[in-house]
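Along the sequence shown, residues are numbered consecutively beginning with 1. One-based numbering, in listed order, for ligands and for the atoms of each.
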Amino acid sequence: MSGKKMIFSGIQPTGTFTLGNYIGAIRNWGPLQDEFNCIYSIVDLHSITVAQDPVELRKNSLRAYALLLACGIDPKKSIAFFQSHNKFHAELNWVLACNTQFGELSRMTQFKDKSARHADNVNAGLFTYPVLMAADILAYNASLVPIGGDQKQHLELARNIAQRFNQRYGDFFTVPEPYIAPLGAKVMSLQDPTKKMSKSDENPNSCILILDEKDTIVRKFKRAVTDSDAEVSFADGKDGINNLMTIYSCFTGKKFDEIQNEFSGKGYGDFKLAVGETVADALEPVRTEFARLMNDKAYLKECYMDGAMRATKITQKTITKIYRKVGFVDAR
Ligand code: TRP
């Protein structure tokens with residue numbers, strides 16, 4: 001790998017991705033591939049911190065991988081692989097866990113949220129989740145980490161762990177910086193625009209899935225909750241319209257005042273239809289490519305095996321150095 005900066009990001013293989021995942025994360029990953037050395041992982045190890053059905057998990061993992069490629073991740077330019085295929089994530093996780101305090105992990109808001117939501121399964125993995133995430137990043141000495149706002153606290157912890165390790169054992173890890181997508185990092189529910197769009201929402205109309213068919217997408221946008229005045233403009237208290245304008249702007253590149261002009265004198269119905277069709281048309285090539293890839297499992301396998309090999313090679317070197325630093329006897 002050349003002198004380019006290293007980028008690492010991970011996404012969980014739970015179900016299909018939402019429009020929120022697409023706009024806030026995956027869509028931005030492709031364009032980074034020329035400027036940086038990018039490593040993208042389907043973080044299956046993380047996903048079992050909440051109960052998963054094994055058959056579903058395997059299916060969803062492969063779909064997530066295919067979707068990553070369908071969204072423009074080029075497995076030749078980048079390293080795209082399954083986290084569980086590189087055993088060094090789990091090995092580094094252990095060393096880092098011994099350099100992370102119980103108190104630090106107890107303060108993680110995502111742990112508090114998830115342990116409240118899954119009160120019957122507050123397992124140790126859920127608690128140490130951020131340590132594994134730090135291992136993902138630090139194993140490659142990534143300097144930039146594309147994340148959504150909800151992962152900022154975890155990244156801050158990864159930075160603290162890196163700094164602490166560097167102080168204790170001598171400078172070693174690159175201290176990573178967050179890379180947050182400029183626009184539309186947050187997509188809100190179509191049914192309650194004060195809440196984040198989420199695939200676990202009970203109301204299926206609240207959430208667009210990347211693989212939804214065109215008429216489904218258009219229908220969901222038509223039903224989107226707005227407000228009682230009738231002007232397409234970005235303003236406080238117009239959460240529904242603000243959300244739709246943000247989404248429309250992401251796909252068309254138009255600024256809010258341009259959108260306002262485009263729809264002045266028209267009703268919300270016209271606007272919602274335009275947003276729905278724009279989104280559906282933009283996602284059409286992703287759907288097509290996804291279907292093509294899912295029909296070529298041999299090619300997918302070739303890609304993820306190659307990704308795992310390249311990822312393993314990088315981290316093998318890191319872990320050897322780390323083991324030496326912490327005082328283990330050389331195995332060679
Ligand atoms: N925790 C991240 C999420 O749920 C996923 C993730 C795991 C990740 N390891 C990572 C993201 C490393 C960035 C870097 O969104």
Side-chain angles (χ1 to χ4, degrees), residues 5-29 32 36-50 52 57 60-61 64-65 67-68 71 73 78-86 88-93 96-97 100 105 108-115 117-118 125-162 173-181 185-187 196-200 307 311 314-315 318:
K5 279 191 176 175
M6 198 73 109
I7 285 208
F8 184 98
S9 200
I11 190 151
Q12 294 207 41
T14 37
T16 79
F17 301 140
T18 67
L19 186 64
N21 299 130
Y22 185 74
I23 290 181
I26 314 169
R27 184 180 74 127
N28 307 300
W29 292 3
L32 297 169
F36 303 99
N37 284 325
C38 296
I39 306 182
Y40 297 123
S41 186
I42 304 295
V43 290
D44 45 6
L45 297 175
H46 276 108
S47 73
I48 60 166
T49 53
V50 302
Q52 302 288 341
L57 178 59
N60 285 334
S61 298
Y65 188 86
L67 200 47
L68 206 61
C71 289
I73 306 305
S78 299
I79 296 182
F81 73 110
F82 291 106
Q83 186 188 28
S84 63
H85 288 183
N86 179 1
F88 295 118
H89 289 242
E91 287 196 19
L92 183 55
N93 172 64
L96 297 184
T100 308
L105 292 174
M108 294 293 118
T109 55
Q110 193 167 80
F111 171 71
K112 292 186 215 167
D113 291 349
K114 284 196 183 170
S115 49
R117 261 190 286 136
H118 305 276
L126 192 64
F127 188 63
T128 60
Y129 179 113
V131 181
L132 180 59
M133 180 164 158
D136 296 341
I137 299 163
L138 302 183
Y140 302 91
N141 275 308
S143 39
L144 286 177
V145 184
I147 44 165
D150 63 329
Q151 295 298 312
K152 270 197 219 158
Q153 197 188 25
H154 288 164
L155 190 71
E156 194 52 43
L157 180 66
R159 289 169 54 84
N160 291 339
I161 296 173
F173 288 125
T174 304
V175 180
E177 305 273 347
Y179 180 91
I180 299 191
K186 207 165 175 191
V187 176
K196 209 176 124 178
M197 181 180 282
S198 161
K199 59 192 156 204
S200 49
I314 299 174
T315 47
T318 317

message = Centre-to-centre under 6.0 Å for His89 and Phe81, is that the case here?
response = yes
query = Taking only residues two or more places apart in sequence or in another chain, which ones pass side chain to side chain contact (heavy atoms under 4.5 Å, CB included) with Asn160?
reply = Glu104, Glu156, Gln163, Arg164
message = The criterion is side-chain hydrogen bond (donor to acceptor under 3.5 Å, both in side chains); which residues satisfy it with Asn93, sequence neighbours excluded?
response = none
Table of N or O contacts for ligand 1, cutoff 3.5 Å:
residue	atom	partner	partner atom	Å
ligand 1	1 (N)	Tyr129	OH	2.7
ligand 1	1 (N)	Gln151	OE1	2.9
ligand 1	4 (O)	Tyr129	OH	3.1
ligand 1	9 (N)	Asp136	OD2	2.7

ask   = Are the aromatic ring centres of Phe127 and Phe111 under 6.0 angstrom apart?
value = yes
inquiry  = Regarding Glu177 and Ser143, do their side chains bring together a donor and an acceptor under 3.5 Å, going by distance alone?
reply    = no
key: Partner residues of Ser198 under the side chain to side chain contact (heavy atoms under 4.5 Å, CB included) criterion, sequence neighbours left out   = Ser200
